Amino acid sequence: MPAPRPLRDIAVVAFAQTDHRRTSDELSEVEMLMPVLHRVLAQTGLKTSDIGFTCSGSTDYLAGRAFSFTMALDGVGAWPPISESHVEMDGAWALYEAWTKLLTGDADTALVYAYGKSSPGSVRDVLTRQLDPYYVAPLWPDSVALAALQAQALIDAGDTDEPALAAVATRSRTSATGNSHAQLRGSVPQGDYAVRPLRTGDCPPIGDGAAAVILAAGERARELCERPAWIRGIDHRIEAHGLGVRDLTDSPSTRLAAERAGLFERPVDTAELHAPFSSQEVVLRKALRLDGSVDVNPSGGALAANPIMAAGLIRIGEAADRIRRGDSDRALAHATSGPCLQQNLVAVLEGEPR
Amino acid sequence: MPEVLKAPLVVEFPFTRSLGPVQSAFLTGLRERVVLGVRTADGRTLVPPVEYDPVTSEEIGELVEVAATGTVTTWAWNHDPRRGQPLDRPFAWVLVRLDGADTALLHALDAPGGADSVHTGMRVRVRWAEERTGAVTDIACFEPYDGATAELTGSEGRFEDLVTGIVAPARLDYTYSPGRAQTAYIQSLAERRVIGERCPSCRKVYVPPRGACPTCGVATSERVEVGPRGTVTTFCIVNIKAKNLDIEVPYVYAHIALDGADLALHGRIGGIPYDQVRMGLRVEPVWSDGGGHPDHYRPTGEPDADYDTYKELV
């Protein structure tokens, strides 16, 4: 069944991100975020008061403070009152909400931003608090341990091995040498086991960062951007929450989201995958049927910079930038959330023929 | 720029959760050394059990006992256990499909033989915790096992004294840093001064400063000393005594516009009977020892401020 065409043409017209760093403790969240908001607005010439809808993604658990997103709103300029929403998710899901809002015709432009400061706490421990509170969270299995269970399942299934995983990590960080925002670039030792079979090189850097995207509909997009990255389809799906219910070597939710986003109708030339662990790229390549003709993670991906809550939105922004620059005509962007690729969002972006 | 402030921040909660009928049976079963699954309409047995079929979303509740022995479906070697994890020596995380189940349970495997002694497909059995309360941690861990399938107890999942809730303590440790603007604010308090920041665009002075003007969405950086005196813009009378707070009720909690500030901050009013506090009252800070915010504000004795001078700040 072909994916339905969106009711309105909506495009990414601007994207900005911070330089992602291990720590940015001299800055509050809003101080880290604000320059990114200013840069993304400057790309389009829009002011806050011109934006029809604002949506953000972040989580209080990184900062350990309730309602931290309300403080970040200071960086937007929310007075006089604006139309605004927040998701306790990666900014890719905030973009999905904004896209939906634009589809309704209630707004023609949207500002989407996301940020995460991982430096105040321990991400491996913090992420345990998103797990099933009855059967799993009391055991405190950290994010690396859960990814390692998935990696071992892939090795047992013959889908990969440790040298192949190391190659994914090396390729990603080599690609990141062209990305001045990335946190880990170039040659990075594969290192010792973090949780076997994953080595430190298979794991994403822990860092602070923010990103912002502007969406616009129809003619407005053409006014704001020379070559808009049109969102031809976007969809997100979720797996059963029980890890032991799932086949960890596959990602049916990614495949279904991709189908509904229209990915399989025509080949893509670029794929920005949100695979924080090298082993997860193996799962995603299979689910998305990516072959050697596709440039996977030219930005370096999440193995080069993984600011929690922003890394998925950055995949969409990086894919859109490739289109806006003319380096890509049809690109896939993927975002994930939860343990072992639990939730997955797929967007298909296109530039108009040149 | 002075060094940015940092301090330990511990967020700790005993999360109390109630259980549905299936979870209640499962966790009570663990207390009684019985492992229960739930059977789906198409005959699969899910362990740990859930109340809704993850495929069809139909409500399910038919309990069925499975064995306390099983097979590892995948594993990961954890050489450096973290706080709260089931074992404090190196162990393997495992997904175990118990004999009689179609899905796997996540837990720890105590493997004294080390990582090389663990493999997918290995046989394991439950090691019960000595003290069991009706929680997933009643399974202390799994251990290697090369015997036959464990015998069932014959339980049908009906117990007296059902466990109906769990308390899951959660603790996360942070190092809090307030960032550039608030660091400067806190450092000024130690010198018994209050500083705000002026927006370069609308010229308003924000106290405490947060680094950005919420109206204009731009960075604030020009520091401005405000106060020490100010005006009560609005207030309330608190009649409920807070736990761990050594203040007699009733007391007055007020919004106070310090002289030179364009935003009111809040503080307690003292040195005047609670029923004589009023809008427009002129107050000044009474500093506590050892830095930090003023303990409270007290009347200065000046005439009350005209409403027009603070009406924009109410």
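Naming: A, B, ... by sequence-line order, numbering from 1 per chain. As the structure is a prediction and not an experimental result, all values here were calculated from the model.
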Short question: side chain of [X], backbone of [Y] - any donor-acceptor pair under 3.5 Å?
X	Y	answer
B:Ser177	A:Asp25	yes
B:Thr74	A:Leu149	yes
A:Glu31	B:Gly179	no
A:His241	B:Pro54	no
B:Tyr174	A:Leu62	no
A:Gln152	B:Ala76	no

Could you look at [X] and say if it's the side chain, the backbone, both or neither that has a heavy atom under 4.5 Å from chain A?
X	value
B:Asn78	both
B:Ala181	both
B:Val94	backbone

Query raised in the report: Got a sec, which residues hit side-chain contact (heavy atoms from CB on, under 4.5 Å) with A:Ala164, two or more places apart in sequence or on another chain?
Result: A:Thr160, A:Asp161

Query raised in the report: Does the gap between the ring centers of B:Phe26 and A:Tyr134 come in under 6.0 Å?
Result: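 Distance test on ring centres: not under 6.0 Å, no.
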
Taking only distance into account, with no hydrogens and no angle test, what donor-acceptor pairs under 3.5 Å do side-chain atoms of residues 101-120 of chain B form with protein atoms, sequence neighbours excluded?
from: B:Asp102; atom 1: OD2; to: B:Thr45; atom 2: N; distance (Å): 2.7
from: B:Thr103; atom 1: OG1; to: B:Val47; atom 2: N; distance (Å): 2.9
from: B:Thr103; atom 1: OG1; to: B:Val47; atom 2: O; distance (Å): 3.1
from: B:His107; atom 1: NE2; to: B:Val136; atom 2: O; distance (Å): 3.3
from: B:His107; atom 1: NE2; to: B:Ile139; atom 2: O; distance (Å): 3.0
from: B:Asp110; atom 1: OD1; to: B:Arg89; atom 2: NE; distance (Å): 3.4
from: B:Asp110; atom 1: OD2; to: B:Arg89; atom 2: NH2; distance (Å): 2.7
from: B:Asp110; atom 1: OD2; to: B:Arg127; atom 2: NH1; distance (Å): 2.9
from: B:Asp110; atom 1: OD2; to: B:Arg127; atom 2: NH2; distance (Å): 3.2
from: B:Asp116; atom 1: OD1; to: A:Arg196; atom 2: NH1; distance (Å): 3.4
from: B:Ser117; atom 1: OG; to: B:Gly114; atom 2: O; distance (Å): 2.6
from: B:Thr120; atom 1: OG1; to: A:Asp156; atom 2: OD2; distance (Å): 2.3

**Report entry** Toward chain A: residues of residues 198-211 of chain B with heavy atoms under 4.5 Å
**Finding:** B:Arg210, B:Gly211

Requested in this report: Flag the one option from A:Pro133, A:Ala240, A:Ala151, A:Ser49 with the top tally of heavy-atom pairs under 4.5 Å to chain B.
Outcome: A:Pro133

Query raised in the report: How about residues 33-41 of chain A versus chain B: which residues have heavy atoms under 4.5 Å apart?
Result: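 Result: A:Met34, A:His38.
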
Query raised in the report: Is the shortest heavy-atom distance from the side chain of A:Leu146 to the side chain of B:Trp93 under 4.5 Å?
Result: no

Query - Flag side-chain contact, heavy atom, 4.5 Å: A:Arg129 against B:Leu172 - result: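 Side-chain contact under 4.5 Å: yes.
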
